[in-house]
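Single-structure report; data block below.
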Amino acid sequence: MRLYSGPLSMFGAKVEIAAHEKGIAFDLQMVPFDMRTLYEPKHPDVLRINPKRQVPVLVDGELEIFDSTQIFEYLEDRWPSPPLWPAPPAERARARLLELKSDEVFFPHVIRLMGLPGAGTHPEAGPARAAIESYYGDMDRLLAARDHLAGDYSYADIAFFMAQFFAARMAVPMSSASWPHLAAWRLRIAQRQAVRRVIDAMIGFLRRENRPVPTYV
Ligand SMILES: N[C@@H](CCC(=O)N[C@@H](CS)C(=O)NCC(=O)O)C(=O)O
């Protein structure tokens with residue numbers, strides 16, 4: 001199995017973590033990425049497989065798919081153990097919704113900050129920053145009564161762990177005074193071997209590029 005990703009790809013990191021959690025052997029193919037030119041030029045296999053021209057892309061034999069959430073579904077069907085979705089249908093639906101919200105409700109605010117010099121400290125950062133902090137509040141309330149976002153450790157945790165890692169990079173700190181349950185969850189997830197392996201590689205890349213690294217890691 002081959003996974004195409006980038007050294008700073010939030011969505012690719014989600015898939016890498018899930019594959020490590022399941023003990024799946026894969027070949028990681030990093031596409032060209034540069035802090036100035038970003039994902040240009042595109043890798044020819046990505047252009048051929050994904051009309052959205054984005055990573056992650058997964059190739060497993062004859063199968064060629066893209067999009068981190070679609071890839072999660074394939075990994076779960078093909079390697080059901082250990083499970084990364086809860087079994088009861090309602091809990092599974094809640095976990096899937098949280099995974100989607102992390103990518104499509106929370107993360108767009110982080111992307112907005114990526115476009116502002118100084119990110120969260122830029123004078124125009126206010127609305128995105130407020131939305132990120134409000135989402136932290138929602139997740140903190142959820143985690144007051146449980147250790148993980150939806151049942152046992154799941155794809156929902158993987159997705160939001162990576163999304164908040166990028167929010168922290170964009171100068172929106174998650175204080176343990178304001179969101180104690182969420183901050184404790186983050187430390188728990190950061191200790192997982194599969195997570196550590198992926199974020200350590202990302203931190204190494206950030207350090208080589210002289211970019212700030214979130215302090216809690
Ligand atoms: N919804 C997609 C988003 C993928 C995505 O935004 N990938 C970024 C890297 S993290 C990318 O390839 N960007 C390059 C581009 O859009 O040109 C997923 O979950 O995989």
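Note that ligands are numbered from 1 as they come in the structure, with each ligand's atoms numbered from 1 the same way. Note that this is a predicted model, so its numbers are computed, not measured.
A cation-pi arrangement, defined by a distance under 6.0 Å to the six-membered ring centre and an angle within 45 degrees of its axis, is absent between Arg96 and Tyr155.
A distance of 6.0 Å or more separates the ring centres of Phe66 and Tyr4.
With sequence neighbours left out, Ser68 forms a side-chain hydrogen bond (donor to acceptor under 3.5 Å, both in side chains) with Lys14.
Applying the side chain to side chain donor-acceptor pair (under 3.5 Å) rule to pairs touching residues 165-177 yields Ser175-Ser178, sequence neighbours excluded. Applying the side chain to side chain donor-acceptor pair (under 3.5 Å) rule to pairs touching residues 104-129 yields nothing, sequence neighbours excluded.
Asp60 and Tyr74 form a side-chain donor-acceptor contact under 3.5 Å, judged by distance and modelled atom types alone.
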Filter the ligand 1-protein atom pairs down to N or O on both sides and distance under 3.5 Å, then list them.
{"residue": "ligand 1", "atom": "1 (N)", "partner": "Asp67", "partner atom": "OD2", "Å": "3.0"}
{"residue": "ligand 1", "atom": "6 (O)", "partner": "Gln54", "partner atom": "NE2", "Å": "3.4"}
{"residue": "ligand 1", "atom": "7 (N)", "partner": "Val55", "partner atom": "O", "Å": "2.7"}
{"residue": "ligand 1", "atom": "12 (O)", "partner": "Val55", "partner atom": "N", "Å": "2.9"}
{"residue": "ligand 1", "atom": "16 (O)", "partner": "Gln54", "partner atom": "NE2", "Å": "3.1"}
{"residue": "ligand 1", "atom": "17 (O)", "partner": "Lys42", "partner atom": "NZ", "Å": "2.4"}
{"residue": "ligand 1", "atom": "19 (O)", "partner": "Ser68", "partner atom": "N", "Å": "3.2"}
{"residue": "ligand 1", "atom": "19 (O)", "partner": "Ser68", "partner atom": "OG", "Å": "2.6"}
{"residue": "ligand 1", "atom": "20 (O)", "partner": "Ser68", "partner atom": "N", "Å": "2.8"}

